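To start, the structure itself, in structure tokens.
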Amino acid sequence: MAGLLVVALLAAYAYYRSLESGLKRESVSNELGDQRPPETGALNVLLVGSDSREGDNKKYGAKSQGLGERSDTIMLLHMSPDRDKVTLVSFPRDLMVAIPPCKSTSGVPLAPGVRQINSAFNDGGIVCAMRTVESLTKLRLDHFVKVDFTGFKGIIDALDGISICLPKAVNDPKAKLVLAAGKHVVSGEQALGYVRARYSMGDGSDLSRIKRQQIFLTQVMKKVTDGGMLTDPGKLNKFLKAAVAAVTVDDQLSLNRILEIARSVQGMTAAQLKGITVPVEAYPADHNRVQLTQPAADDFFTRLRSDVEVTRIAAPGPSASASATPQAQIPNGKVRIQVLNGSGKPRLAKQAADELAAQGFVVDETGNAPTTAVTEVRYAKRLQEGAAYADAVAARLSKDKRTPIAGKVKPTSTEPFKVATPSASPTAKASGPIVQLVIGADWPGVRVASVIPDSLKDKTVDASTDPCQ
């Protein structure tokens, strides 16, 4: 919803100023502390669905009034630094995680411990929820957006409903949802019931409900970006009013910040939104709960953190003027690499070689080099085309892009590289010049080709996912 809101607001700067005062805000910036993950240029927004029974939500459970807020929906909206893709990461409500020290909404200290992830929001409010997700993922959260039952209905009504498809008829009194099998356009109570229903749909699990919610949100994104709403003043006005009334946001989500985000994502389409649930397995102590599957979860979070912007900076050392002018792009499969570890940390050369080979590079050797503080990409001075080959390697390193350096270093040791997965690297040897990757103490890691690993591809939801499944 944050992404949809900022896209719409780009075309309504002056009008938004009159609406900004209507946004409900909650101060969190001073409560999150100083020990937080670093910024990477990515945009990370925590999306939380609140089941508060206060105000207009009273009809969903008057007996729950005054008992605070709970959440069955916790999602992380991750936009890459260059804003060319969006990943919507869902956390099951029953996921057992380490909750960091927090305070309750009344200010009472809460002891850390392993509990369900939704207890962070239930007991400590949005600040504790943000601290928990940051601790779990090592990703810095820039903002949060909270939506309650009534707010969700208002947004969907403003879009004139969303198309869904049911493989079988549903009669769920708890979710207030009664629908025949087949395609429908739902809004209001039906839309809310569709995303809230659990036991009457799918396999009755929270994981099944999460996938249905992700499919629904891809349809929302499609309606906003592909349905002409942004070019229809009447529809845009209706949506803006509903969105402002529906959400509670953090105190740092200012007008200027919203416009900054909007300018960077205005060309985004529904096809660029990918939904995924963190990899989980049964929790041994209680099979009604789940825990993160390792090492798959850590690999996934690492990919999210490595999805960083590439910008060119000059590397120290001999000038690489050959890279100052544009070079023809060399396919990965034609680039031969010698990976040398000069960081002083063990096994980095083999790890980097495996990751580069998985992206199609031909790694000839791994080894060690004299200790160096700075990671460098080098090529032979005598080879004029060497800079172009080295540039292909530099482009796959995380963080700022290194300018290749003319001149190689002398290894202290080398050995032939054996690819971990034979299919991960081309079978035919490349005939181009050998590029040296010298890993320094500042090693940034290999930039991932996709934040969603191959092992999770079949669990991805996007605009092409069949809503009837």
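Owing to the predicted nature of the structure, the values given are computational and were not obtained by experimental measurement.
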Just verifying a value: how many Å separate Lys222 NZ and Leu159 CG, rounded to the nearest 0.5 Å? 14.0 Å
Is it the case that the side chains of Gln214 and Ser90 hold a donor-acceptor pair, with the cut-off being a distance below 3.5 Å and no angle test? yes
Is there side-chain contact between Phe300 and Leu304, with at least one heavy-atom pair below 4.5 Å? yes
May I ask you to check if Arg196 and Phe149 form a cation-pi contact, with NZ or CZ under 6.0 angstrom from the six-membered ring centre and within 45° of the axis? yes
Which distance, rounded to the nearest 0.5 Å, do you find between the CG of Leu32 and the CD of Glu134? 6.0 Å
Side-chain contact, heavy-atom cut-off 4.5 Å: Leu207 with Pro92? yes
Would you compute the distance between atom CZ of Arg305 and atom CG of Leu139 and round it to the nearest 0.5 angstrom? 6.5 Å
Look only at the side chain of Thr465 and the backbone of Asp462, and say whether a donor-acceptor pair between them is shorter than 3.5 Å. yes
Charged N-O contact under 4.0 Å between Arg402 and Asp442: yes
So, Thr412 and Asn368: side-chain donor and acceptor under 3.5 Å apart, yes or no? no
Are any side-chain N or O atoms of Gln359 and backbone N or O atoms of Arg447, one a donor and one an acceptor, separated by less than 3.5 Å? yes
For Glu31 and Ser27, which heavy atoms make the closest approach, and how far apart are they? CG-O, 4.4 Å
Is it the case that the side chain of Lys408 and the backbone of Arg378 share a donor-acceptor pair, with hydrogens and angles ignored and the cut-off at 3.5 Å? no
Would the distance check show the side chain of Arg25 and the main-chain N or O of Asp250 forming a donor-acceptor pair, the cut-off being under 3.5 Å? yes
Is a side-chain donor or acceptor of Arg198 paired with a backbone partner of Gly204 at a separation under 3.5 angstrom? yes
Of all heavy-atom pairs linking Val339 and Ala349, the shortest is CG1-O, 3.6 Å
Considering residues, nucleotides and ligands other than Gln294, do more than 12 of their heavy atoms fall under 6.0 Å from its CD? yes
Full working for side chain to side chain contact (heavy atoms under 4.5 Å, CB included) between Val48 and Phe144: CA-CA 8 Å; Val48 176; Phe144 81 84; 6.0 Å; no
So, do Val147 and Val145 sit near enough that their side-chain heavy atoms are less than 4.5 Å apart? yes
Looking only at non-hydrogen atoms, find the nearest pair between Leu77 and Val86 and report the distance. CD1-CG1, 3.4 Å
Quick one: do Lys146 and Val247 satisfy side chain to side chain contact (heavy atoms under 4.5 Å, CB included)? Show the steps, please. CA-CA 5 Å; Lys146 181 172 67 174; Val247 301; over 6 Å; no
Separation of Thr414 OG1 from Leu340 CG (nearest 0.5 Å): 8.0 Å
Polar side-chain atom of Gln213 near backbone of Leu217 as donor-acceptor pair, under 3.5 Å: no
The reported gap from CG in Leu76 to CE in Met130 (rounded to nearest 0.5 angstrom) is 10.5 Å
Going by heavy atoms in the side chains, are Phe301 and Val278 under 4.5 Å from each other? yes
Sidechain-backbone polar pair: Asn341 side chain, Lys345 backbone, donor-acceptor under 3.5 Å: yes
Is the terminal nitrogen or CZ of Arg212 (NZ for Lys, CZ for Arg) located under 6.0 angstrom from the six-membered ring centre of Tyr194 and within 45° of that ring's axis? yes
Just by distance, with hydrogens left out, do Asn118 and Ser71 show a side-chain donor and acceptor under 3.5 Å apart? no
Distance, nearest 0.5 Å, that separates OG1 of Thr375 from CD1 of Ile439: 7.0 Å
Show the nearest heavy-atom pair for residues Pro404 and Ala390, with the distance to one decimal. CB-CB, 3.5 Å
Full working for side chain to side chain contact (heavy atoms under 4.5 Å, CB included) between Ile337 and Ile434: CA-CA 5 Å; Ile337 308 177; Ile434 294 179; over 6 Å; no
Using atom types as modelled and distance alone, determine if a side-chain donor or acceptor of Thr137 lies under 3.5 Å from a backbone N or O of Val133. yes
Between Val114 and Ile99, is there a side-chain heavy-atom distance shorter than 4.5 Å? no
Within-4.5 Å side-chain heavy-atom neighbours: Phe417 and Lys350: yes
Please assess Thr132 against Phe121 for the test side chain to side chain contact (heavy atoms under 4.5 Å, CB included), listing each intermediate value before the final yes or no. CA-CA 9 Å; Thr132 299; Phe121 179 69; over 6 Å; no
Hey, does His143 have a side-chain heavy atom less than 4.5 Å from the side chain of Leu43? yes
Could you check if a side-chain atom of Asp94 sits within less than 4.5 angstrom of a side-chain atom of Asn288, using non-hydrogen atoms only? no
Between Ser119 and Asn122, is there a donor-acceptor pair closer than 3.5 Å when you use the side chain of the first and the backbone of the second? no
Over all atoms of both residues, closest heavy-atom pair of Gly333 and Val362: O-CG2, 3.7 Å
Main chain of Gly33, side chain of Arg131: is a donor-acceptor contact present, judged purely on distance under 3.5 Å? no
What are the two closest heavy atoms between Gly440 and Ser343, and how far apart are they? O-CB, 3.4 Å
Got a sec, which residues hit side-chain hydrogen bond (donor to acceptor under 3.5 Å, both in side chains) with Arg93, two or more places apart in sequence or on another chain? Asp72
